[in-house]
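Please read the structure below before turning to the comments.
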Amino acid sequence: MSTYSTVERFEKALSKVAPYMAQTVQKSRGYAPDWEAEFEEVLSRLFGSDDQALAEAAQGYVEFSLDALRLHKRFEREGVYLHKTYQEVAEAVYHNDAYMFETYLPGILMTQYLWIHHYSQLQFFRRVFGPHLTGRFADVGVGTGFFSRQALAHNRLVRGDGYDISKASLHYARRQIDAFDFGDRWTAHKQDVLRTPPSERYPCVLSVEVLEHLEDPPAFLEVLAGMTQPGGHAFVTAALTAPEVDHIYLYRDCAEVIHQLQQAGFAVLAHQEDLAYAPKADEPVPRSAAFFCRQEN
Amino acid sequence: MDLDQQAKLTEVFRTVFNDPDLEPHEEMTAQDVPDWDSFNHVYLITMIEEQFSVSLTTKEVSRFQNVGDLIQLLDSKLN
């Protein structure tokens, strides 16, 4: 049996579900020398020998990716995101368990390894934020739990609190974190931090792929700054010109995010912007921007 | 699918894959056509929606394995 047999099974499942994505895994192998070992670990821990679950994850990734590409086609024509308010997407996405568990969450999790800009963001997280992880961290908007899990893996002494409004997200995150045996160091909180900000202040705060989902990111960043101890560090990301079904706040460049972070009380110590793919001409390409910050108040 | 619709579908394939000799057939898959990747898959769907005035969901378009499945899907929308 191959060392990376689960990756190979996923690759076969993906080719079967979507023959037009047959080269996706092979292309991703070139992202980093240890990419395949990492992907093997997450697939084997989450899906094991369950071919049906692996095929469903592949299907979720295909639908999530096609949705994003189709919305991007629309964005190229119209220059705006499909939805503008939280209310428009909340019921359709965050509180729709079938969509969350079948498409959204497995889709996003797979993109962490199969989309170059997401994988590059992970490498930036490890490089700049990893050395500062200490004590207890807050992950606000846990999504799949991917970055909480990364933080817990990076430093085996840290503990984490995950906050999210979606029960499905917290459930999926718990499953992922437990699968890596980090469950006793992580606590899930079903809590809207905008309405009920936690009283605890943390030395480290992360919030990945959240800002673009909000109607009022500056208000959220103020809450994040309030949750971060003075002198503490934060890792915050934003999607730029990247339409997805639940992206409502359109960022066009890093400068706007940096301005909002500074207004909230953060100093941006480093940032990185990654493209989803090379643009053909002047087309707007989806980008991920990540910011390593220090709380200055 | 009638002959006019088949001809229209052939034209869509030729435009999307930039191949004036392409002859789509029911057993044809993405593996048989150079450049049939996810980007061109979405381009193909967009063109089909425009040319045939139909609306296809992502779930529907993510699941067809070959051109025959696509024709079947289109038939269900056109009839």
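Quick note on labels: first sequence line is chain A, next is B, and so on, each numbered from 1. Values below: every heavy atom of this structure, side chains too, minus hydrogens, waters and symmetry copies.
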Within a radius of less than 6.0 Å around CG of B:Asp35, do more than 12 heavy atoms belonging to other residues, nucleotides or ligands occur? no
So, the part of B:Val61 with a heavy atom under 4.5 Å from chain A: the answer is both
Ranked by heavy-atom pairs below 4.5 Å to chain B, first place among A:Lys73, A:Gln59, A:His72, A:Gln23 goes to A:Gln59
Report the C-alpha separation of A:Tyr20 and B:Phe39 in whole Å, then their side-chain angles, then the decisive distance to 0.1 Å, and conclude whether the side-chain contact (heavy atoms from CB on, under 4.5 Å) test is met. CA-CA 9 Å; A:Tyr20 45 89; B:Phe39 289 92; over 6 Å; no
Charged N-O contact under 4.0 Å between B:Glu49 and A:Arg70: yes
Atom of A:Pro19, atom of B:Ala30 and distance for their closest heavy-atom approach: C-CB, 3.7 Å
Backbone N or O of A:Lys16 within a donor-acceptor pair of the B:Gln65 side chain at under 3.5 Å? yes
Report the residue from A:Leu71, A:Val245, A:Asp67 that forms a side-chain contact (heavy atoms from CB on, under 4.5 Å) with B:Thr58. A:Asp67
Looking at A:Gln123, I'd like to know if its CD atom is crowded, meaning that more than 12 non-hydrogen atoms belonging to other residues, nucleotides or ligands lie closer than 6.0 Å. yes
From CG (A:Leu66) to CG (B:Leu56), nearest 0.5 Å: 12.0 Å
So does B:Asp2 have more than 12 non-hydrogen atoms from other groups sitting under 6.0 Å from CG? yes
Count the heavy atoms of every other residue, nucleotide or ligand shown that sit under 6.0 Å from NZ of B:Lys59, and state whether that count exceeds 12. yes
Heavy-atom check, side chain of B:Ser62 versus side chain of A:Val17, under 4.5 Å: no
Tell me if the NZ atom of B:Lys77 is crowded by more than 12 foreign heavy atoms within 6.0 Å. yes
In this structure, OG1 of B:Thr46 is separated from CZ of A:Arg77 (nearest 0.5 Å) by 7.0 Å
Taking the side chain as C-beta and beyond, is there a heavy-atom pair between A:Met21 and B:His41 under 4.5 Å? no
